[in-house]
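Taking it in order: structure first as structure tokens, then the write-up.
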Amino acid sequence: MPRRPPGEIDRIIGQRIRQRRKELGASQSDLGIAIGVSYQQIQKYEAGKGSISVARLVEIANQLQVPVANILDGFSCGR
């Protein structure tokens, strides 16, 4: 299955991650170290330039001390 390019949802999720990280006073390096990725990868996530796997999103939410649902609030999987 080919990977889809990042889109609007990725950008919004990245904004929510950035906002919460800043609320906690954490740097991109702090978050990256906590979840085992580089600060550059955190930059990509926050800019919406790459999709975040569910497993990685759970790790990020745990480090940001919020439920994953807070990051995904407002999105639906419409059919």
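Quick note: numbers below take in every heavy atom, side chains included, and nothing from hydrogens, waters or symmetry partners. Numbering of residues begins at 1 and proceeds along the displayed sequence. Remember, it's a predicted structure, so these values are computed and weren't measured experimentally.
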Are the side chain of Asp10 and the backbone of Gly7 linked by a donor-acceptor contact shorter than 3.5 Å?
yes

Tell me whether Tyr45 is reachable from Ile33 by hopping between hydrophobic residues (I, L, V, M, F, W, Y) whose side-chain heavy atoms are closer than 4.5 Å.
no

Flag side-chain contact, heavy atom, 4.5 Å: Asn70 against Arg20:
no

Distance from Ile52 atom CD1 to Ile71 atom CD1, nearest 0.5 Å?
7.5 Å

Closest heavy-atom pair and its distance - Ala61, Pro67
CB-C, 4.3 Å

For Ile35 and Arg56, work out which heavy atoms get closest and say how close.
O-NH1, 3.1 Å

Point-to-point distance, once rounded to the nearest 0.5 Å, from OG of Ser51 to CG of Leu57:
11.0 Å

By side-chain contact (heavy atoms from CB on, under 4.5 Å) - contacts of Glu46 (at least two apart):
Ile17, Arg18, Arg21, Gln28, Ile42

I'd like to know if Val58 and Ile9 are part of one continuous hydrophobic network [Ile/Leu/Val/Met/Phe/Trp/Tyr, side-chain heavy atoms within less than 4.5 Å].
yes

Specify the closest pair of heavy atoms between Leu24 and Leu64, including all atoms of both residues, with the distance to one decimal.
CD1-O, 3.4 Å

Do Glu59 and Gln63 come close enough that some side-chain heavy atom pair is under 4.5 Å?
no

